[in-house]
Protein chains: 2
Amino acid sequence: MKQRVTIVDVARDAGVSIATVSAALNDRPGVSEPTRKRIVATAKRLGWSPSLRGRSLSQKRAFSVGLVIQRNPSVIASDPFFAGFISGVESVLEDGGYALVLQVAPTRQRTIARYRQLAADHRVDGVFLTDVSIPDTRFDLVRRLGIPAVAINARPGGDGISSVRQAHEPAIDALLHHLVDLGHRRIAHVSGPKDYIHAHDRETAWREYLSGARIRPGACVEGDFSLASGSRAAAALLRRRPRPTAVFCANDLMAIGFIAKATELGFSVPGDVSVAGYDGIDFGAYARPSLTTVTTAPHVLGEQAARTLLAMLDGAPASHVDTEPASLVVRASTGPPT
Amino acid sequence: MKQRVTIVDVARDAGVSIATVSAALNDRPGVSEPTRKRIVATAKRLGWSPSLRGRSLSQKRAFSVGLVIQRNPSVIASDPFFAGFISGVESVLEDGGYALVLQVAPTRQRTIARYRQLAADHRVDGVFLTDVSIPDTRFDLVRRLGIPAVAINARPGGDGISSVRQAHEPAIDALLHHLVDLGHRRIAHVSGPKDYIHAHDRETAWREYLSGARIRPGACVEGDFSLASGSRAAAALLRRRPRPTAVFCANDLMAIGFIAKATELGFSVPGDVSVAGYDGIDFGAYARPSLTTVTTAPHVLGEQAARTLLAMLDGAPASHVDTEPASLVVRASTGPPT
DNA sequence: TTGAAAGCGGTACCAT
DNA sequence: ATGGTACCGCTTTCAA
């Protein structure tokens, strides 16, 4: 880790001042073409690349953005959202010369603390806010700290905070329509933690679609997005009388956990109970029965979020962008009630 | 993002020089207790926290470490290793005041390029090397660049490069012993890409155990660690004559893909063919049949890797640490041959 | 068009 | 025990 060649070396070698070198290599006007060429050549010959540190200090920019994942360690391992989201973010950051600082926090409180620290250190120029809750204190926090932020799958409207969202309603409507079409009338829901905005949104979509179709929403039990909580939900729901004939789970993990438990209890899926998930994770296609679900595109969401954030760092005002809505994928875990 | 209070403000307010403030707040000797207390108090009152940027420049340290994940975007989403590994890394870095810079690259070439850029920018003080291949040019690269590095699940021995490893042999031996014990004699293997060291290691462990047990190793087909490649392997292996009665897959994803395809082709698992995986991902417990596998501990590996790297940054020489070996978990996907 | 010099916010050496 | 000051590597006025 030995930094040798600096702007001073280049300047000396090219016989100009460091100011000229700086201007030349940042394509700023005021440098004659011959001089610029000469400088670029020597810089290249000397193998010089500008020090991010020096630049950071003088420009008061970190050239990186932050993401704090708030997730229980036991859930995070199987949650495929972040891998896709991050690779999307990364693909855009790379081209912009920015880097992603990733942190993991187990609780909401610790999450806040990490954002606060990121800000205090000036380690990042902007942040992503995922797993938005209601209310979410991070909004006020970043606003107060004056840090550009992009919220994912949150409602637009926070002033100064951008958002990127993939609509869930059309696909959830299509899913419920599919179930009703098959003849289901007792359709239960396994929700995520209710203070998460996306959990809340999915539940609301479920409830409203059914109300609109003049069907009384079935039971709703709260899970935590984990496989295990899906299993617990199955145990709870399948002992109810009358038993639901179909269940919409707020994510695929819970749906798979649900199916595993249902099968274990002697119920057949979809014979005795149809099960659908949300997310469209790869495993869904390999589960038995394969999972009817709603496919989402975390990678695209990540790309858009990164683009939006970089734009804000360049001075663009907060904005809201909608990506292509999620869509229904019908597989083998849903069928007519018997 | 307005940085206001600097060390100068604190110095002025406390009526001392900035040198004294710096010394006081870094617990360096040469500051009288009363002065130190006064300084700490004013710093706190003014809400001062040292600028990472200023410190970075003068200390020539980035206070962050890097990890470039090299993975095909389609595989990364379902691969649970990194989530666990990263959360382990992060938990240690947090306490050390370090941050993790995470990058994602689709190919080996791009991976190298990203490491090179991280070094050129001096964006990180050290790096993790995962998914080590044979040969792996990154070893020479980081050595040449003089960047402290920790390789994960690689063989010890690279001078100047530490390694952290969770032994696979005992568990793979136990797994094969389990299969042989059940009566299996035709035991096939679905490997990962053979140029990956861990893929190679697992295959070797399989081959050597069987040789040692005087059993001829069965067929070995190469996969890419994805669900889909597990399915392809099933199609290929199950049409062989004589058919293998058991299959050891180099990771759980392929094992699950294998089972899905086998079932689809009309084979029963473990009736017609026993299937075992490697990794111990959560899904294994929820698959039908539940998956016999080898559990690993990515989180622990991450913690150890981070500790080792931080130690190197503090001047410790390269070292090698072994974590608790992986261990066998017998579930329902393996049984006696029929 | 080019250069000198003042920051940016710290650390650390050397006097005092 | 303190303070003065020269860096660290770059950007950015302002003069020449």
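Sequence lines set the chain letters: A, B, ... in the order given, protein chains first and strands last, and positions in each chain run from 1.
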**Asked** Would a 4.5 Å heavy-atom cut-off, applied to side chains only, mark Val68(A) and Phe128(A) as touching?
**Response** no
**Prompt:** Rounding to a whole Å, what distance do you find between Leu52(A):CG and dC10(D):P?
**Reply:** 10 Å
**Prompt:** How far does the helix from dT1(C)-dA16(D) to dT16(C)-dA1(D) bend, going by the axes of its first and last five pairs, to the nearest 10°?
**Reply:** 50°
**Nearest-angstrom distance from the residue atom CZ of Arg61(B) to P of dG9(D)** = 16 Å
**Prompt:** With a 4.0 Å cut-off, would you call Asp195(A) and Arg108(A) a salt bridge?
**Reply:** yes
**Within-4.5 Å side-chain heavy-atom neighbours: Val150(B) and Ser163(B)** = no
**Arg36(B): partners by side-chain hydrogen bond (donor to acceptor under 3.5 Å, both in side chains), with sequence neighbours left out** = none
**Asked** Just checking, is any N or O donor in the side chain of Arg61(B) or Tyr98(B) under 3.5 Å from an acceptor N or O on the other one?
**Response** yes
**Request:** Starting at atom CG of Leu57(B), determine the distance to atom P of dT11(C), rounded to an integer number of angstrom.
**Result:** 12 Å
**Message:** Can you see if the side chain of Lys60(A) gets near the phosphate of dG9(C) - specifically, an N or O under 4.0 Å from OP1 or OP2?
**Reply:** yes
**Request:** Please state whether the phosphate of dT11(D), meaning OP1 or OP2, lies under 4.0 angstrom from any side-chain nitrogen or oxygen of Ser22(A).
**Result:** yes
**Request:** Could you check how far CG of Asp9(B) sits from C1' of dG9(C), rounded to whole Å?
**Result:** 11 Å
**Message:** Tell me the interatomic distance from Asp27(B), atom CG, to dT11(C), atom P, rounded to whole angstroms.
**Reply:** 12 Å
**Asked** Atom CZ of Arg53(B) to atom P of dC8(C): distance rounded to whole Å?
**Response** 13 Å
**Request:** Evaluate the side-chain proximity of Asn153(B) to Val132(B): yes if any heavy-atom separation is below 4.5 Å, no if none is.
**Result:** no
**Interatomic distance, Leu25(B) CG vs dT11(C) P [rounded to whole Å]** = 9 Å
**Request:** Let me know, please, whether Gln59(B) or Arg55(A) comes out on the 5' side of the other along DNA chain D by nearest nucleotide.
**Result:** Gln59(B)
**Message:** Given dC10(D), dT12(D), dT11(C), identify the nucleotide with an atom nearest to the side chain of Pro50(A).
**Reply:** dC10(D)
**Prompt:** Rounded to the Å, how far apart are Arg28(A) CZ and dC10(D) C1'?
**Reply:** 10 Å
**Request:** Please determine if Arg45(B) and Asp13(B) form a salt bridge, counting it only when a charged side-chain N lies under 4.0 Å from a carboxylate O.
**Result:** yes
**Request:** Summarise protein proximity over nucleotides 1-7 of chain D in one line of letters, 5' to 3': B for base, S for sugar-phosphate only, - for none, counting protein heavy atoms closer than 4.0 Å.
**Result:** SBBBB--
**Message:** Closer than 4.0 angstrom, basic N to acidic O: yes or no for Arg114(A) and Glu90(B)?
**Reply:** yes
**Request:** Carefully, step by step, assess Ser22(A) and Arg28(A) under the rule side chain to side chain donor-acceptor pair (under 3.5 Å).
**Result:** CA-CA 8 Å; Ser22(A) 177; Arg28(A) 260 172 309 178; 2.8 Å; yes
